[in-house]
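Encoded as structure tokens, the structure appears first; notes follow it.
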Amino acid sequence: MRTAYTSLKQAALLSWGMPTPTYPSADDPAAAELQADGLRLRPLRPEHAEAMYPVLADPAIYTHLDYGPPPSLGYLREVFTQLAQGGSADGTEVWLNWVVWVTGPQGGEEAAGYVQATVIAPGTCWVAYVFGSRFHGRGIARRATAAMVEHLHAHCGITLLLASAEAAHGRSIHLMQQLGMRPATPEEAAPLGLRPSEVLYLRVLPPV
């Protein structure tokens, strides 16, 4: 998960006059199950690793990411166990993750991917999303991420959304645009230590 300096948020608070909500915790309504137009978003748990491993083992989804598929189911279960703890050991980040479930061809549910929010300062979070390639082009990522953003705003006091992607990753950039995010200015992006190949998008939401 991407971490960032809080100076962008502090600058934004000064320039936009925004309030500073408190951090959400991982065991409050911020981590509730969500629904979005035929999708079910369940808070990530270690036991979801079995369903998610085939999705995340898809090499096609890593073309524009700086990491690769999980090397084993056991490794993914360990990662999910850590994420399910809800935040970094030093308390500087809150982690909110949802596995996205869709109706499968046989009528049951299957995991399609996940959406995540990393709260790095009061009211500020990174948003991210990863979906299996066979689920691309169906609007699943857009609907799921939009539902998460709405929930973050209403229940977590999030008013500044951040997301980054490789400049060549057109699908991800298109999704950020669908979420109402705009390209950051060089001054806004400078404190966050992005790679030269990355672009930063952000969205300012109204105070809750």
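Quick caveat, the model's predicted, so the values are computed rather than measured.
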Worked verdict on Tyr201 versus Ile173 for side chain to side chain contact (heavy atoms under 4.5 Å, CB included): CA-CA 8 Å; Tyr201 275 67; Ile173 290 174; 3.4 Å; yes

Interatomic distance, CD1@Ile158 vs SG@Cys125, rounded to 0.5 Å, equals 4.5 Å

task = Check whether any side-chain N or O of Glu198 sits under 3.5 Å from a backbone N or O of Arg195 as a donor-acceptor pair, and report yes or no.
result = yes

Sorted by chain and number, sequence neighbours left out, ring-ring contact (aromatic ring centres under 6.0 Å, His included) with Tyr75 holds for none

Whether the side chain of Arg203 engages the backbone of Leu161 through a donor-acceptor N/O pair (distance < 3.5 Å, no angle test) should be reported.
no

Do Met176 and Ser164 come within less than 4.5 Å of each other through their side chains, counting heavy atoms only?
no

Tested for side chain to side chain contact (heavy atoms under 4.5 Å, CB included) against Tyr114, the lone hit among Val100, Val55, Leu83, Val130 is Val130

Looking only at heavy atoms, the pair that brings Ala144 and Leu41 closest together is O-CD2, 3.6 Å

Practice prompt. Decide side chain to side chain contact (heavy atoms under 4.5 Å, CB included) for Val102 and Glu109; before the verdict, give the C-alpha distance in whole Å, the side-chain angles of both, and the deciding distance to 0.1 Å.
Written response: CA-CA 5 Å; Val102 301; Glu109 285 188 325; over 6 Å; no

Check your understanding: Centre of Trp98's six-membered ring, under 6.0 Å away, within 45 degrees of the axis: is that where NZ or CZ of Arg42 sits?
Key -> no

Rounded to the nearest 0.5 angstrom, the CD1-OG distance for Ile61 and Ser133 is 7.0 Å

Hey, can you tell me if His169 and His64 have their rings parallel, tilted or perpendicular (30° and 60° cut-offs)?
parallel

Does the distance from a Lys or Arg side-chain N to an Asp or Glu carboxylate O, for Glu50 and Arg77, drop under 4.0 Å?
yes

Is Asn97 reaching over with its side chain to a backbone N or O of Gln116, donor-acceptor style, under 3.5 angstrom?
no

d(His151 NE2, Leu96 CG) to nearest 0.5 Å is 8.0 Å

Nearest heavy-atom contact between Ser172 and Tyr129 is OG-OH, 2.9 Å

- Query: Side chain of Glu188, backbone of Thr185: donor and acceptor closer than 3.5 Å?
  - Reply: yes

For Ala147 and Leu34, the nearest pair of non-hydrogen atoms, with its separation, is O-CD1, 4.1 Å

message: Less than 3.5 Å apart, any donor N or O on the side chain of Tyr53 or Ser72 sitting next to an acceptor on the other?
response: no

- Min side-chain heavy-atom separation Val127-Leu152 under 4.5 Å: yes

Correct closest heavy-atom pair for Leu175 and Ala141 would be CD2-CB, 3.9 Å

dist His48:NE2 -> Leu76:CG (nearest 0.5 Å) comes out at 11.5 Å

When rounded to the nearest 0.5 Å, the distance separating CG of Leu192 from CG of Leu162 is 6.5 Å

- [ ] Check whether any side-chain heavy atom of Gln82 sits under 4.5 Å from a side-chain heavy atom of Val79, and report yes or no.
- [x] no

What one should report as the nearest heavy-atom pair of Val199 and Ala167 is CG1-CB, 3.9 Å

Note: Asp90 and Thr92 closest approach over all heavy atoms is OD1-OG1, 2.8 Å

Non-hydrogen side-chain atoms of Gln178 and His174 separated by less than 4.5 Å: yes

Output for pair (Ile140 CD1, Leu39 CG), nearest 0.5 Å, gives 6.0 Å

